[in-house]
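Chain letters run A, B, ... following the sequence lines, proteins first, then strands; residues in each count from 1.
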Protein chains: 2
Amino acid sequence: MNSDSSQRILIVDDDLAIRRFLRTSLVAQGYTVSETNSGEGALLDVINKRPDLVILDIGLPDMDGIEVTRSVRQWTKIPIIILSVLDQEKEKIAALDAGADDYLTKPFSIGELTARMRVAFRHATLPVNMPNFESGALEVDLARRIVTVRGKEISLTPTEYELLRILIQDAGKVLTHQQIIRTLWGDIYQPEMHHLLRVNISNLRKKIEPDASRPKYIFTEPGIGYRLKLVDK
Amino acid sequence: MNSDSSQRILIVDDDLAIRRFLRTSLVAQGYTVSETNSGEGALLDVINKRPDLVILDIGLPDMDGIEVTRSVRQWTKIPIIILSVLDQEKEKIAALDAGADDYLTKPFSIGELTARMRVAFRHATLPVNMPNFESGALEVDLARRIVTVRGKEISLTPTEYELLRILIQDAGKVLTHQQIIRTLWGDIYQPEMHHLLRVNISNLRKKIEPDASRPKYIFTEPGIGYRLKLVDK
DNA sequence: TATATTCTTGATAACTTCTTGAACAAGATT
DNA sequence: AATCTTGTTCAAGAAGTTATCAAGAATATA
């Protein structure tokens with residue numbers, strides 16, 4: 001948190017008028033506000049200013065708000081509320097699945113925005129910024145997307161990496177097949193997805209486990225799902 | 001089997017057509033669905049059916065959806081998504097501040113609803129504040145689905161775990177054979193199920209009791225059922 | 001376009017869990 | 001003491017799940 005304990009909000013929007021309007025309204029509500037007008041700026045400010053919540057316009061000059069969301073989500077769970085002029089279903093779903101916590105269509109009322117911000121703060125757990133993950137000989141640099149086993153860097157396919165990231169995000173806990181499938185592939189849930197998940201688990205194990213038939217990291221919970229075990233050094 | 005790892009959704013709406021529509025769509029997505037048409041029913045079902053998420057219409061015959069939300073929030077953080085025909089700012093804010101996790105205005109697309117459900121599940125998996133059960137040397141982490149006896153982690157089959165969970169839910173109380181059987185295997189009650197239950201109790205005891213022939217945790221109530229004893233440390 | 005990489009699917013093997021029957025035990029009833 | 005009822009345990013086959021390999025399809029890269 002901040003020294004004056006007020007919550008810091010980062011506003012990302014290329015429209016000056018909207019930034020002004022939001023800043024005024026939020027400052028009046030007692031929030032501390034900083035602003036930027038580009039995707040690049042957003043990524044930098046999330047790192048440097050460590051805001052407690054991001055309000056992100058989806059249409060930015062340099063990069064898509066969804067891209068920004070995905071990028072930020074690689075290493076932090078900081079609440080992100082997306083703003084958009086479009087009420088398009090596809091965009092909404094894409095934004096939410098990329099890791100956004102809420103999606104508001106302009107015009108919206110400040111009352112609703114702040115209510116949804118309060119929901120987001122309620123959800124926010126203690127800062128779970130984990131730039132790197134370690135368990136035994138396995139190390140994952142989530143910010144740089146680098147995985148090493150016993151110091152040796154290994155390369156994972158996009159799906160394998162995403163799967164590992166999902167397991168890391170809830171390390172120690174059992175994730176059901178359904179949960180993993182939904183996070184990995186979204187809405188297209190179908191029974192044959194289970195098979196696909198198994199193949200990917202198998203491939204991932206081959207790359208990170210010393211002995212794939214006797215897993216040290218990725219444990220199977222028969223009938224339920226998988227669990228990434230936390231091992232002390 | 002019933003100890004299915006699929007997520008359970010409770011739909012609360014007095015409009016049969018909407019319930020049907022939601023049920024069909026959600027079942028197709030692999031969710032397990034139960035329904036009720038009143039606020040009273042909702043409160044009961046949240047307790048008895050232990051859903052993982054509630055979809056709650058705000059306009060119910062007996063009580064307001066906001067009331068229901070407030071009431072449920074007294075004791076659980078289970079995700080609640082409110083549905084409404086009104087796009088009224090005041091109502092939205094009241095619902096969100098009462099503890100709802102999201103608010104959707106009808107008509108909405110199923111795609112958006114399921115995307116917002118995924119957001120809710122993402123939030124719900126974070127807090128580790130689910131009650132842990134402890135009795136003597138037996139510890140059950142219900143959020144992580146981990147059972148330890150004298151600090152040592154033990155693995156239970158889905159049925160065994162579900163059985164233990166049922167006993168924990170009413171720890172100290174006697175659960176009749178019928179109650180357990182129905183919760184475990186649904187309504188297909190048959191006399192030979194008793195034998196099946198006994199075998200499972202036996203197997204569970206072997207895993208958690210120091211001396212299975214002299215149970216410390218799971219007590220037999222002859223002619224009635226079983227009881228999980230609460231033991232102080 | 002060719003080449004490499006990754007994803008998806010089917011076949012099969014290995015494994016775990018479920019279900020059932022049989023044997024046994026303890027207490028209650030006759 | 002014999003019998004009945006209720007409960008426990010063991011073990012084996014059936015049913016269901018999970019792991020792995022490999023080949024073709026799709027996608028990305030050169």
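- Taking atom CD1 of Ile201(B) as the reference point, atom C1' of dG7(D) lies 11 Å away to the nearest angstrom.
- The aromatic rings of His123(B) and His123(A) lie parallel to each other, their planes meeting at an angle below 30°, with 60° marking the opposite boundary.
- Counting only heavy atoms from C-beta on, Val199(A) has its side chain closest to dG10(C) among dG10(C), dG7(D), dT9(D).
- Checked by distance alone, His195(B) brings a side-chain donor or acceptor within 3.5 Å of a matching partner on the base of dG21(C).
- Between the CG atom of Asn200(A) and the P atom of dC21(D) there is a distance of 15 Å, given to the nearest Å.
- Side chain of Thr159(B), nearest nucleotide from dG10(C), dT17(C), dC18(C): dC18(C).
- When distances run from any side-chain atom of Ser202(A) to the nucleotides dT17(C), dT20(C), dT20(D), the shortest one goes to dT20(D).
- Listed for the Ser34(B) side chain is no donor-acceptor partner under 3.5 Å among the backbone atoms of Arg8(B).
- Remark: Arg205(B) is not positioned above the aromatic ring of Tyr217(B), lacking an NZ or CZ atom under 6.0 angstrom from the ring centre and at most 45 degrees off the axis.
- Residue Thr157(A) has no polar side-chain atom (N or O) positioned under 4.0 Å from OP1 or OP2 of dT5(C).
- Residue Trp185(B) places at least one side-chain N or O under 4.0 Å from the OP1 or OP2 atom of dT19(C).
- Picking from dT17(C), dT8(D), dT19(C) the nucleotide with the shortest atom distance to the side chain of Pro158(B) gives dT17(C).
- Distance Glu221(A) CD to dC15(C) P: 18 Å, rounded to the nearest Å.
- When all heavy atoms are compared, the tightest approach of Ile66(A) to Ala98(A) is CG2-CB, 3.8 Å.
- Ring geometry for Tyr31(B) versus Phe121(B): interplanar angle under 30°, hence parallel rather than tilted (30 to 60°).
- Closest to the side chain of His177(A), out of dC21(D), dT18(D), dG21(C), is dT18(D).
- Among the protein residues, Tyr226(B) comes within range of the sugar-phosphate backbone only, with heavy atoms under 4.0 Å from sugar or phosphate atoms but none that close to a base.
- Taking for each of Lys206(B) and Thr220(A) the nucleotide of DNA chain D with the nearest heavy atom, the 5'-most of the two is the partner of Lys206(B).
- For Leu184(B) and dT17(C), the CG to P distance is 15 Å, given to the nearest whole Å.
- For Arg198(B) and dC10(D), the CZ to C1' distance is 16 Å, given to the nearest whole Å.
- Atom CD1 of Ile180(B) is separated from atom C1' of dG7(D) by 14 Å (rounded to the nearest Å).
- Atom C1' of nucleotide dT8(D) and atom CG of Asp211(B) are separated by 13 Å, given to the nearest angstrom.
- A straight line from CZ of Arg214(B) to P of dA25(C) spans 16 Å, rounded to a whole angstrom.
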